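Please read the structure below before turning to the comments.
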Amino acid sequence: MSVCQKCGACCAFFRVSFYWAEAAQRGLPESCTEQLSPHLAVMAGTNRPAPRCCALQGEIGTQVTCLMYAARPAPCREVQPGDEQCNKARARHGLTPIEI
Ligand code: SF4
Ligand code: SF4
């Protein structure tokens, strides 16, 4: 199991926003996105004070799955285990930083 499959913190920390047309290009279902502005969409569930992406299944820090993994938008592809964003998200969920 990869480190991300035992984590999921970044899927419940950031507002996952992206250019709206990306949703259709990647095949993200409309039910899993929300319009944020004329040009931006967000993954449903991530535009709120305690975000949690609608596509995240499982328990953070134990075992998680992204139900939209193949269609996940650019911000999800950018964060990498051990980078600044990753470790910020992990800290918020009480998880130890990943050293790279
Ligand atoms: S916070 Fe880091 S380790 Fe956790 S799922 Fe995101 S990229 Fe992976
Ligand atoms: S689409 Fe998947 S990888 Fe992206 S935030 Fe949601 S659960 Fe995480």
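Quick caveat: nothing in here was measured; it's all calculated off a predicted structure. Order of listing sets the numbers, starting from 1, for every ligand and every atom in it. The basis for the numbers below is simple: all heavy atoms, side chains too, and nothing from hydrogens, waters or symmetry mates.
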Exercise for the section: Could you pull out all residues at least two apart from C4 that satisfy disulfide (SG to SG under 2.5 Å)? Expected result: none
Handout entry: Shortest protein contact, atom 4 (Fe) of ligand 1 (heavy atom only)
Key = C7 SG, 2.3 Å
Pair up each side-chain donor or acceptor in residues 75-84 with any protein partner under 3.5 Å, not counting sequence neighbours, and list the distances.
from : atom 1 : to  : atom 2 : distance (Å)
R77  : NE     : R72 : O      : 2.7
R77  : NH2    : A70 : O      : 3.1
R77  : NH2    : R72 : O      : 2.8
Q80  : NE2    : R77 : O      : 3.1
D83  : OD1    : Q85 : N      : 3.2
D83  : OD1    : C86 : N      : 2.8
D83  : OD2    : Q80 : N      : 2.8

Practice task
For residues C7 and L95, determine if any side-chain heavy atom of one lies less than 4.5 Å from a side-chain heavy atom of the other.
Solution key: yes
Exercise for the section: For the residue pair R90 and I98, establish whether any side-chain heavy-atom pair is separated by less than 4.5 Å. Expected result: yes
Practice task
Return the residue, atom name and 0.1 Å-rounded distance of the protein heavy atom closest to atom 2 (Fe) of ligand 1.
Solution key: C86 SG, 2.3 Å
Problem - Evaluation steps, side-chain contact (heavy atoms from CB on, under 4.5 Å), between Q63 and M1 - result: CA-CA 9 Å; Q63 187 177 354; M1 195 189 292; 3.9 Å; yes
Exercise for the section: Do me a favour and list the nearest non-hydrogen protein atom to atom 8 (Fe) of ligand 1 with residue, atom name and distance? Expected result: C4 SG, 2.3 Å
Fill in the blank from the handout: Shell check on atom 8 (Fe) of ligand 2: protein N, O or S atoms less than 2.8 Å away are C11 SG
Fill in the blank from the handout: among protein heavy atoms, the one nearest atom 3 (S) of ligand 1 is I98 CD1, 3.5 Å
Fill in the blank from the handout: Here the gap from T46 atom OG1 to L36 atom CG, rounded to the nearest 0.5 Å, amounts to 8.5 Å
Side-chain donor-acceptor contacts of residues 8-24 below 3.5 Å, not counting sequence neighbours, with atom names and distances?
from : atom 1 : to  : atom 2 : distance (Å)
E22  : OE2    : R26 : NE     : 2.6
E22  : OE2    : R26 : NH2    : 3.2
E22  : OE2    : A74 : N      : 2.7

Problem - Donor-acceptor under 3.5 Å (S37 side chain, H39 main chain) - result: yes
Handout entry: Close-contact set for ligand 1 against R90 heavy atoms, below 4.0 Å
Key = 1 (S)
Handout entry: Any L28 side-chain heavy atom under 4.5 Å of M68 side chain
Key = yes
Completion exercise
Going by the 4.0 angstrom heavy-atom rule, the piece of D83 near ligand 1 is neither
